Colleague: 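A single structure is presented below for examination.
All ligand and atom numbering here is 1-based and tracks the order in the structure. As the structure is a prediction and not an experimental result, all values here were calculated from the model.
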Amino acid sequence: MSESISVQTSTQNKYELHFGYDLSAELESYIRQFGSSKAFLMVDAFVLEHHRTHFERALKKHFSELHVFEVPRGEQAKNIEVYKQALDFVLNEGVERGTPLFAIGGGVTGDLSGFVAATVLRGIPLVHVPSTLLAMVDSSIGGKTGINHTTGKNLIGSFYQPKAVFMDVKYLETLAYKEWVNGLSEVLKYGMIHSPEILDEVKTLLDEDNFTNGKSWLPLIQKSAQIKVDVVSEDVLEAGRRAFLNFGHTFAHVIEREGAYKQYSHGEAVYAGMIAAVHASNSLGASIELSNLLQFKALYKLSLDKISSSPAELVEWMKTDKKVKDEQIRLVLLKEMASPYVYNVSETEFVKLAWHHTLNIFQ
Ligand SMILES: NC(=O)c1ccc[n+]([C@@H]2O[C@H](COP(=O)([O-])OP(=O)(O)OC[C@H]3O[C@@H](n4cnc5c(N)ncnc54)[C@H](O)[C@@H]3O)[C@@H](O)[C@H]2O)c1
């Protein structure tokens with residue numbers, strides 16, 4: 001049995017997130033609504049190789065023509081060249097306003113395909129089939145699409161909502177351990193900013209040796225998705241409350257940059273970033289136990305000892321974050337667990353201290 005959550009993004013726009021193990025039957029019944037006999041698929045290269053029969057079986061029941069574009073693995077696929085190749089592919093094959101595009105893969109595939117769907121003919125129907133934990137709990141929800149530019153990540157893009165999202169945990173059976181950990185950071189983030197019981201639930205998964213078991217993850221994936229839905233539905237264009245989802249991220253972006261976007265995964269950087277954000281919160285009067293996060297440290301195998309910049313230099317880099325306004329650092333901090341707020345930093349001493357402590361923890 002599958003479960004679903006409705007996402008209302010405007011008075012006219014509503015779509016469903018479906019959750020379950022093997023959603024072939026749900027997908028098959030959903031696609032009957034499309035008038036087109038043709039569909040485009042943009043699929044992560046690994047997923048194409050290992051899960052092709054799984055998604056094709058469902059899609060072939062309705063679409064007589066499936067045109068598959070293979071998305072190269074890794075962040076480098078989110079660039080203008082691959083975007084152009086995908087546009088050429090879709091336009092050369094012949095696309096109409098009603099021809100759907102299915103994005104099957106992780107956040108890279110979802111962001112890139114979403115931007116293709118948003119821009120071809122000013123928008124064709126988009127269906128997300130996320131295949132990583134991170135994509136299920138985060139990137140497939142909320143309508144952010146886009147690609148990177150040589151000057152920075154996610155600088156070209158648009159808000160474009162899908163018609164539906166199918167969170168089929170069968171895909172997770174092939175997910176590498178490091179990708180579980182990568183997605184975990186966003187789940188822990190929901191625990192810190194919204195629902196602390198999530199931290200206990202992750203701990204239970206670990207204790208029961210189910211950390212890489214997709215079926216066991218289902219309730220947590222659904223809970224995490226519901227939190228993201230609640231936050232983004234209230235703030236579709238990221239003007240207010242959605243900023244809370246950046247908890248730990250202003251620190252994380254600097255860590256990713258220090259590692260030239262290769263050394264540390266986004267998830268590792270967010271994990272360390274959240275620890276820094278808890279330190280900063282405590283400096284401003286909160287008393288949050290770091291053990292909430294540190295109990296998961298062994299999963300990360302993270303060392304930051306290659307970071308040679310000083311805390312003062314790291315603070316300077318924070319001022320270049322794309323979410324910064326007028327060079328003023330804006331941090332998402334916690335008054336207490338599950339009580340986030342945005343703080344405009346004027347005096348940076350406590351931020352330097354947060355860096356200092358965090359670098360020490362990951363020596
Ligand atoms: N749009 C948003 O709101 C949003 C939010 C967070 C992150 N993102 C973006 O998401 C991207 C990161 O997403 P990601 O972590 O899913 O990375 P990813 O898409 O690169 O996938 C990670 C790796 O997992 C592999 N993979 C995918 N599915 C698999 C499966 N079922 N089994 C085995 N391997 C599989 C991929 O080939 C890749 O090597 C970043 O580009 C980030 O900017 C977007």
Colleague: Among all protein heavy atoms in this structure, tell me which lies nearest to atom 12 (C) of ligand 1, with the distance rounded to 0.1 Å.
Modeller: Leu134 CD2, 3.8 Å

Colleague: Using a 4.0 Å cutoff against the non-hydrogen atoms of Asp44, which atoms of ligand 1 qualify?
Modeller: 36 (C), 37 (O)

Colleague: Return the residue, atom name and 0.1 Å-rounded distance of the protein heavy atom closest to atom 29 (C) of ligand 1.
Modeller: Ser131 O, 3.6 Å

Colleague: Please say whether Thr109 places an N or O atom under 3.5 Å from an N or O atom belonging to ligand 1.
Modeller: no

Colleague: Say you draw a straight line from CG of Leu126 to OG of Ser113; how long is it, rounded to the nearest 0.5 Å?
Modeller: 7.5 Å

Colleague: Among all protein heavy atoms in this structure, tell me which lies nearest to atom 43 (O) of ligand 1, with the distance rounded to 0.1 Å.
Modeller: Lys78 NZ, 3.0 Å

Colleague: So is Lys228 touching ligand 1 or not, going by heavy atoms under 4.0 Å?
Modeller: yes

Colleague: Looking at Tyr271, is Lys297 sitting on its ring face, NZ or CZ under 6.0 Å from the six-membered ring centre and within 45 degrees of the normal?
Modeller: no

Colleague: Any heavy atom of Glu173 closer to ligand 1 than 4.0 angstrom?
Modeller: no

Colleague: Which residue pairs pass the ring-ring contact (aromatic ring centres under 6.0 Å, His included) test with at least one member in residues 129-157, sequence neighbours excluded?
Modeller: none

Colleague: As a quick check of understanding, evaluate side-chain contact (heavy atoms from CB on, under 4.5 Å) for Glu186 and Leu134, giving each step before the final call.
Modeller: CA-CA 7 Å; Glu186 303 300 338; Leu134 181 129; 4.0 Å; yes

Colleague: Taking atom 10 (O) of ligand 1 as the point of reference, which of Gly142, Ala176, Gly107 owns the nearest heavy atom?
Modeller: Gly107

Colleague: Between Phe102 and Phe34, how do the two ring planes meet: parallel, tilted or perpendicular, split at 30° and 60°?
Modeller: perpendicular

Colleague: In terms of the angle between their ring planes, are His51 and Phe46 parallel, tilted or perpendicular, with boundaries placed at 30° and 60°?
Modeller: tilted

